[in-house]
Amino acid sequence: MSLWSRIADALAALAKGEGLAAVFDILRGPRERSVAFAIAVIALGAKMAKADGLVTRAEVMAFREVFHIPPEEEAQAARVFDLARQDVAGFDTYARRIARMFEDASETLSDLLEGLFHIAVADGGYHPSEDAFLREVATIFGFDERAFRGIRGRFVPEAERDPYDVLGVAPDTPRDEIRAAWRRLVRESHPDRMIARGVPEEAVKLAEKRLVAVNRAWEEIEGRAA
């Protein structure tokens, strides 16, 4: 069964009149995490967009870059997007339920936040309202300011990129610990590791930008020491 068929089943399980946020109380098992991940990115992306009317082509294309949505499944993704926009629950309600679901998997929450950054910059810009939204989501997910800056630095071209923030370490961290942090991030970016922690196969492309950013950060830190 495809990811999108499983998403359709999850939506069908909602009671009549029940908002989309309730789906995260239904999808609790480990095998359902990839479905929850996909719905979470699309739903929070919808809240971030704050658009009216039908889903625009640009928005769908942004999701397709994260999930490689087949053309025949775009309507299903659009349905999740519209359900999220119509839901009276705020984005913080979504974020808190998602955080509870993945409370034992901070790496998955980081993957999810990266997916939202990917969508935010898909139109070629990064707006203050998007920054405020993503900062609040990151806080709800349990990330501190350094972690937020590190993820933002990987995805936002105009953002200030501190290589230490990108690797999640302080400038005075011993060199061997910095190297260990870099290697850990590289390991976490392996497709098999991502799929094992609940990232759908369709979304493992998220790791490409992370790998480029963390390798560049390590090279910059190494260059300063040379």
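Keep in mind that this is a model prediction, so the values were computed, not measured.
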S.K.: Going by an N to O cut-off under 4.0 Å, is there a salt bridge joining E188 and R184?
M.R.: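 Salt bridge flag = yes for R184 with E188.
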S.K.: Quick check: closest heavy atoms across V80 and L20, and the distance to 0.1 Å?
M.R.: O-CD2, 3.6 Å
S.K.: Once side chain to side chain donor-acceptor pair (under 3.5 Å) is applied, do any residues pair with R210, and if so which ones, sequence neighbours excluded?
M.R.: D111, E114, S189
S.K.: Group every Ile, Leu, Val, Met, Phe, Trp and Tyr by side-chain heavy-atom contacts under 4.5 Å, then state whether I195 and V41 land in the same group.
M.R.: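 Linked within one cluster.
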S.K.: Side chains of V137 and M48, heavy atoms from C-beta outward: is any pair under 4.5 Å?
M.R.: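 When only atoms from C-beta onward are counted, M48 and V137 do not touch, as no gap falls below 4.5 Å.
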S.K.: Stepwise, does the side-chain contact (heavy atoms from CB on, under 4.5 Å) test hold for V186 with W218?
M.R.: CA-CA 11 Å; V186 171; W218 171 245; over 6 Å; no
S.K.: Do the non-hydrogen side-chain atoms of E177 and V169 ever get within less than 4.5 Å of each other?
M.R.: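 SC-SC contact between E177 and V169 ruled out.
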S.K.: Out of curiosity, S129 OG to L134 CG, how far, rounded to the nearest 0.5 Å?
M.R.: 9.5 Å
S.K.: When rounded to the nearest 0.5 angstrom, what distance separates CD1 in I42 from CD1 in I119?
M.R.: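 Output value for this atom pair is 7.5 Å.
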S.K.: Of the non-hydrogen atoms in L44 and F91, which two are nearest, and what is the gap between them?
M.R.: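 Closest approach of L44 to F91, heavy atoms only: CD2-O, 3.8 Å.
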S.K.: Say you draw a straight line from OH of Y164 to OG1 of T173; how long is it, rounded to the nearest 0.5 Å?
M.R.: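 Answer rounded to 0.5 Å: 8.5 Å.
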S.K.: Between atom CG of L83 and atom CD of E18, what is the distance when rounded to the nearest 0.5 Å?
M.R.: 11.5 Å
S.K.: Measure the shortest side-chain to side-chain distance between F143 and S110 over non-hydrogen atoms and say whether it is less than 4.5 angstrom.
M.R.: yes
S.K.: Please answer whether the main-chain N or O of F133 pairs with a side-chain N or O of E136 as donor and acceptor at a distance below 3.5 Å.
M.R.: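 Not a single qualifying donor-acceptor pair exists.
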S.K.: When you compare the side chain of F24 with that of I39, does any pair of heavy atoms fall below 4.5 Å?
M.R.: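 Side-chain contact under 4.5 Å: yes.
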S.K.: Are I221 and R179 close enough, and set up right, to give a side-chain contact (heavy atoms from CB on, under 4.5 Å), and what steps lead you there?
M.R.: CA-CA 10 Å; I221 291 172; R179 182 184 292 106; over 6 Å; no
S.K.: Take D131 and R152 through the salt bridge (charged side-chain N to carboxylate O under 4.0 Å, His left out) test and state the conclusion after the steps.
M.R.: CA-CA 9 Å; D131 187 75; R152 183 177 60 187; 2.9 Å; yes
S.K.: Drop me the distance from T108's OG1 to E103's CD, to the nearest 0.5 angstrom.
M.R.: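 So the gap between those two atoms works out to 12.5 Å.
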S.K.: Quick check: does any side chain N or O of K47 sit under 3.5 Å from a backbone N or O of G90, one acting as donor and the other as acceptor?
M.R.: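 Not confirmed, K47 side chain does not pair with G90 backbone.
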S.K.: Any heavy-atom pair between the side chains of R6 and S34 that's under 4.5 Å?
M.R.: yes
S.K.: Would you call the rings of H118 and F155 parallel, tilted or perpendicular, where under 30° means parallel and over 60° means perpendicular?
M.R.: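 Rings of H118 and F155: perpendicular, as their planes differ by over 60°.
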S.K.: Any side-chain heavy-atom pair from I140 and I98 closer than 4.5 angstrom?
M.R.: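 Of all side-chain heavy-atom pairs linking I98 with I140, none is under 4.5 Å.
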S.K.: Test side-chain contact (heavy atoms from CB on, under 4.5 Å) on I151 and F117 and set out the steps.
M.R.: CA-CA 8 Å; I151 296 174; F117 268 103; 3.7 Å; yes
S.K.: State, to 0.1 Å, how close G168 and R146 come at their nearest heavy-atom pair, and which atoms those are.
M.R.: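 Heavy atoms of G168 and R146 come nearest at C-CD, 4.1 Å.
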S.K.: Is there a side-chain contact between E222 and R175 (heavy atoms, below 4.5 Å)?
M.R.: yes
S.K.: Please check this pair: side chain of H190 against backbone of D192, looking for a donor-acceptor N/O pair closer than 3.5 Å.
M.R.: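 Between the backbone of D192 and the side chain of H190 there is a qualifying donor-acceptor contact (under 3.5 Å).
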S.K.: Looking only at non-hydrogen atoms, find the nearest pair between A105 and R33 and report the distance.
M.R.: CB-NH1, 3.7 Å
S.K.: For R193, what residues pass the side chain to side chain donor-acceptor pair (under 3.5 Å) criterion, not counting sequence neighbours?
M.R.: none
S.K.: Taking all heavy atoms of V166 and all of A213, pick out the closest pair and write down the distance.
M.R.: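 Nearest heavy atoms, V166 then A213: CG1-O, 3.8 Å.
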S.K.: Working to the nearest 0.5 angstrom, can you tell me the gap between R216 CZ and E220 CD?
M.R.: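 If I round to the nearest 0.5 Å, the distance is 9.0 Å.
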S.K.: Ignoring hydrogens, what is the shortest heavy-atom contact between A21 and T93? Give both atom names and the distance.
M.R.: CB-CG2, 4.3 Å
S.K.: Any side-chain heavy-atom pair from F148 and D165 closer than 4.5 angstrom?
M.R.: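 Contact flag for F148/D165 side chains = no.
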S.K.: Please lay out, stage by stage, how R135 and D144 fare under the test salt bridge (charged side-chain N to carboxylate O under 4.0 Å, His left out).
M.R.: CA-CA 9 Å; R135 187 183 296 274; D144 60 19; over 6 Å; no
